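Each ligand, and each atom within it, is numbered from 1 in the order the structure gives. Remember, predicted model here, so these are calculated numbers, not experimental data.
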Amino acid sequence: MVHEMERQVEKEKPVSVKPTEQRAVALSIVIPVFNEEDNLRPLHEKLVEVCLRVGVSFEVIYVDDGSKDGSLTVLEALATNDAHVKVIQLRRNFGQTAAIAAGVDASQGEVVILMDADMQNDPEDIPRLLAKIQEGYDVVSGWRRNRKDRFLTRRLPSNMANKLISVVSGVRLHDYGCTLKAYRREVIQGIRFYGEMHRLIPAYAAWMGASITEIEVTHHPRLHGRSKYGLSRTIKVMLDLITVKFLSSFATKPIYVFGMAGLLMLAAGALVGAIVLAQKFFADVFVHRNPLLLLAVFLFILGVQLIMMGLLAEINIRTYYESQNKPIYSVRRVISQKEP
Ligand code: UDP
Ligand code: MG
């Protein structure tokens, strides 16, 4: 999936991101904020400087995720002084994924860039992300090659998670955990986020047919404030992965998974049952003394249950798609001589 890696420093040429339909801004930068009061001003200064230099029309959306420190006051001041800023205040701490979702929903740009508020991501990488989008990619993923976090509790579990996600999803990226990524609006817009799922957006987007590439980005150690996460997040991400994988592969046809397993169980049950009968007739083993009988019955019940479960899931999934009018496909382009 990753087509090339590049390290070149972007030259100072203006990057234009052409909107396909008329949008208010070309670029939206969405930043979730939870207790980052000391980081916000320097981050914003840097961000604006870079965006002005690049020369795109842009907006910066800060989502205050129920901060308990002075973050909101700082954000209010930023919004008052800078028309590029939009602040969304959530009522309580909903978590990074929810904050990102709120920001994306409120964003207008043709391209959406997500980044952290803690100044560990570097705004200087934005022009390179945009250049890749302009090349035609739908998602450009940041890779913190020299990640400045603790090894044992952060980098090691994260490495393992990245390998696993890459294998399971078939979308090979070095750094799912890096928030700094750029997305074309079409691929990020329709995605519904749950749990810690924002990390899996590239995988999700790839399943919808998006093209993805990866570039190395700078990572700084945290200077102000504390990290909000520990080891437990890796486990959550793994569980999300199972959900997303299941939904993406079998969402329109759950009976294929459950039914297949069910039929397998039934077949195994029949086989074991046949052995029980054979032993009765040819080896004089009493059926009620044969432990294999229990196994046969168990497999049969399990098989029937699984098939039933598949049917229930089928009903569920129909409600899911039909109630939301969700299409089961995703269109990249329509080519025709007629104006839409
Ligand atoms: N964050 C948030 N809500 C939360 C936890 C974190 O909005 O409940 C934000 C946080 O302010 C930061 C980003 O998510 O901008 C990433 O958090 P952090 O730096 O703690 O994660 P790490 O970089 O250590 O993985
Ligand atoms: Mg961080």
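Within 4.0 Å of ligand 1, heavy atoms belong to protein residues Pro32, Val33, Phe34, Glu36, Asp65, Asn93, Gly95, Gln96, Asp116, Ala117, Asp118, Gln120, Arg154, Arg222, Ser227, Lys228, Tyr229, Arg233.
At a threshold of 2.8 Å, the Mg ion (ligand 2) has a backbone or side-chain N, O or S atom of Asp118 nearer than that distance. Residue Ser227: no N/O/S atom is found under 2.8 Å from the Mg ion (ligand 2).
Expressed to the nearest 0.5 Å, how far CD1 of Ile31 lies from CG of Leu43 amounts to 5.0 Å.
Heavy-atom contacts from other residues, nucleotides or ligands closer than 6.0 Å to OH of Tyr256 number 12 or fewer. Summarising the local packing, NZ of Lys163 is surrounded by 12 or fewer heavy atoms from other residues, nucleotides or ligands at distances under 6.0 Å.
A 4.5 Å side-chain heavy-atom check between Leu130 and Ile113 finds at least one atom pair inside the cut-off.
Using a 3.5 Å distance cut-off with no hydrogens or angles, the side chains of Asp64 and Ser71 do not pair a donor with an acceptor. Between the side chains of Ser28 and Arg185, no donor-acceptor pair of N or O atoms lies under 3.5 Å.
Under a cutoff of 6.0 Å and an axis angle of 45°, Arg92 and Phe94 form a cation-pi pair.
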